[in-house]
Amino acid sequence: MAGAIARDPNSFHKQASLPVSNAYDPTAELVRHGDELKATLSGQWTAARSEAVEHEAAALEDAARGAHRVLIDLARIERLDTLGAWVLDRTRHELGGRSQRADFVGAKPEHRILLDEIAYRGFQQLPPPRRSSIIDFLAQVGESVVDAGKDVVRGTSFLGEVVVALLRVIIDPRRFRVASIVHHLEMVGFRGVPIIALISFLVGCIVAQQGIFQLQRFGASTFVVNLVGILTLRELAVLLTSIMVAGRSGSAFTAEIGSMKMREEVDALRVMGLDPVEVLVLPRMIAIVVALPLLTFIAAMAALFGGGLVAWAYGGITPEVYLSRLQQTISQSPSTFMVGLIKAPFMALVIGVIASLEGLAVQGSAESLGRQVTASVVKAIFMVIVVDGLFAMFFAAINY
Amino acid sequence: MAETSHSATPTRRPTPQDVNDREVVIRVRGLEVGFGTKTIMKDLDLDVYRGEILGFVGASGTGKSVLTRAILGLVPKRTGTIEVFGEDLDALSPQSRKAIEQRWGVLFQQGALFSSLTVKQNVQVPMREYLSISERLLDELAMLKIEMVGLKPDAADKFPSDLSGGMIKRASLARALALDPEIVFLDEPTSGLDPIGAGEFDDLISTLQQTLGLTVFMVTHDLDSLHSVCDRIAALAEGKIIASGPIDTMLASNHPWLRAYFHGKRARAALA
Ligand SMILES: Nc1ncnc2c1ncn2[C@@H]1O[C@H](COP(=O)(O)OP(=O)(O)OP(=O)(O)O)[C@@H](O)[C@H]1O
Ligand SMILES: [Mg+2]
């Protein structure tokens, strides 16, 4: 029993020293009498000496070639664990398979029990999946095209679900989760202000600097105000904000919803009769739809401010001139200001739907969570740009 | 070479008298653990002897898991010493600590399987890290452990999220046993198993203890396990070990909680 191993005074110290000392390495002494091989094993046949165990067993098998009978004497083995027992029994089994007789002799009772428990048997290996790289590649391409199509359908129907949830909440305003919405407004909107303002400010500076540099050659550097004003208000502010929000908040939504999905929290909501769309998705959607236009406005102001600073410092355009030209530019095409802001809620919907859908698509594993978060950000940024393109065509068509 | 004859030691369960001359593999002295202002345990002493199965009981929330985690070094302690295999865990170099970590296996209360790996890969994680063996042996050993804990071979290629609660326990025991450790920590191994499965689990633990000389530290609420496999039981309450000893000591104790625990309706049913 256990005591036999436990009482061995050495058994503890040998193991404790690192690297393991060689004195207890498993060894097989092989003696040949005619066609009988006798192997006397000693040392520790344990996982701690796994490499030597495998090596000695292979050597034994080699040496047994041509012997009709193999006796494996286990009496002097000091320690045996499942790894050692498995390798020994496998060796015996394989010798048996070569129509040789192999037997264990002299095993201590506890080793005997272990060998009986372990009892070597082959494990049937599952056939490896068929692989053909060209077919695989084509199949993958096909799959991703179909998936992209399905994504659009799923996104649209999910948006429908969100709208239904919204209507339910409007009919029964007690279900309006104010605390949750305020929390997400803070996370998406308020906490996003510094970084979004900073980035927009810098981009405003860069556009102004490049504009002045190019326009100077035609002596038209004051037109930089038109450039900065129109570009920022129509496109840059909303694009920059959407991309930042997709990266900051879209990923957070996916990770939050995804980890709840992973730990069956979403299922827990469902069995309590709560709709995950209403509880988890709707507050986030409302928050992002409200926050994104506000952030866009802040981004626009920051970019205009940055542009103005550079125009003043680098182009010699004083703030008064800058402001009056800006006013003139905007009043010439009054839609400029609105074009950017109109797009913002749509961008928010796109980001929110993609982030929530990807979050709900998370499976049980941590890896799948990582994959969906990545997918969420990549798809959201891609779709933001596509939607921006569609708006550009639309506004051009209606001359807005 | 002459065949060596040798005398067999008869298999025998350790008796309480043995305990005094046996090696202590885990020695905890004056342990204090707490979170923030809350103290979970104070001045706690505990010995675990080599080759025994120690059942660890206590009401829910008294800190059984926390004590296990403190011994494993996962929860910081405020004061006290913890010795494993005679070595103070605080005084170890990272290298010797690694050597000790190879010699224990842990089954966490929630399983803690790596969710992105299959069961077989989970079992192979510690093997790949510490053993240098052929790919074939690696596969065979993983399958062996998986079968040993009573899982079907087809469970080997499943991911943890596709397993039932009981299968998760078994798979994570297989992983705990991957390196043939000398000590295993089991946090409620039989909770969530059907009674037959729990019984098989107990048998498995006691077979391993007898054949491998395994020392088992088992947190459990399962009265059947306490009766059938545990050599000794330690009870935790009010942040201290209130009693320890074989089941008879527990049954004879006058501590109100122990009386309620071991003489309650469920306990009588388990004894019957
Ligand atoms: N990380 C932590 N921070 C703060 N408190 C903790 C932490 N981990 C555990 N606790 C507290 O420590 C106490 C003991 O918890 P523990 O998980 O050890 O209980 P237990 O005895 O294992 O119970 P059970 O039988 O239900 O598993 C609990 O009150 C728990 O709230
Ligand atoms: Mg616990």
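Each chain gets a letter, A, B and so on, in the order the sequences are listed, and its residues count up from 1.
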Between [X] and chain A, with a heavy-atom cut-off of 4.5 Å, which part of the residue counts as in contact: side chain, backbone, both or neither?
X: B:Thr215; value: neither
X: B:Met127; value: neither
X: B:Leu144; value: both

Exercise for the section: State, with a plain yes or no, whether a side-chain heavy atom of A:Val87 is found less than 4.5 Å away from one of B:Glu140. Expected result: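 The answer is no, as the side chains (C-beta and beyond) never meet within the 4.5 Å cut-off.
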Exercise for the section: Go through B:Leu117, B:Leu177, B:Leu137 and name the one with the most non-hydrogen pairs under 4.5 angstrom from chain A. Expected result: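 Among the listed options, the one with the most contacts to chain A is B:Leu137.
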State, to 0.1 Å, how close [X] and [Y] come at their nearest heavy-atom pair, and which atoms those are.
X: A:Ala47; Y: B:Leu131; result: O-CD2, 3.1 Å
X: B:Leu141; Y: A:Thr82; result: CD2-O, 4.5 Å
X: A:Ser50; Y: B:Ser132; result: OG-N, 3.6 Å
X: B:Ser115; Y: A:Ala366; result: OG-N, 2.7 Å
X: A:Glu110; Y: B:Gln210; result: CB-O, 4.1 Å

Exercise for the section: Counting only heavy atoms closer than 4.5 Å, note whether A:Arg90 contacts chain B via side chain, backbone, both or neither. Expected result: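 For A:Arg90, the side chain is the part near chain B, not the backbone.
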Practice task
Look at atom CD of A:Glu36 and say whether more than 12 heavy atoms of other residues, nucleotides or ligands are closer to it than 6.0 Å.
Solution key: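 It does: A:Glu36 CD has more than 12 such atoms within range.
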Problem - Whether B:Asp180 side chain and A:Asp81 backbone form a donor-acceptor pair below 3.5 Å - result: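 Side chain of B:Asp180 to backbone of A:Asp81, a donor-acceptor pair under 3.5 Å: no, none is there.
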Handout entry: Donor-acceptor under 3.5 Å (A:Glu54 side chain, B:Ser134 main chain)
Key =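 Side chain of A:Glu54 to backbone of B:Ser134, a donor-acceptor pair under 3.5 Å: yes, one is there.
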Exercise for the section: Under 4.5 Å, counting heavy-atom pairs only, tell me which of A:Leu83, A:Leu369, A:Val53 racks up the most with chain B. Expected result: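 Top option by heavy-atom pairs under 4.5 Å: A:Leu83.
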Handout entry: Straight-line distance of A:Thr46 OG1 to B:Leu212 CG, nearest 0.5 Å
Key =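 Nearest 0.5 Å value for the OG1-CG distance: 11.0 Å.
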Exercise for the section: Give, for atom CZ of B:Phe114 and atom CD of A:Glu367, the distance between the pair rounded to the nearest 0.5 Å. Expected result: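 The CZ atom of B:Phe114 sits 13.5 Å away from the CD atom of A:Glu367.
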Handout entry: CA sep, side-chain torsions, deciding dist, call: A:Glu117, B:Lys145, salt bridge (Lys or Arg N to Asp or Glu O under 4.0 Å)
Key = CA-CA 11 Å; A:Glu117 278 292 316; B:Lys145 305 275 151 145; over 6 Å; no
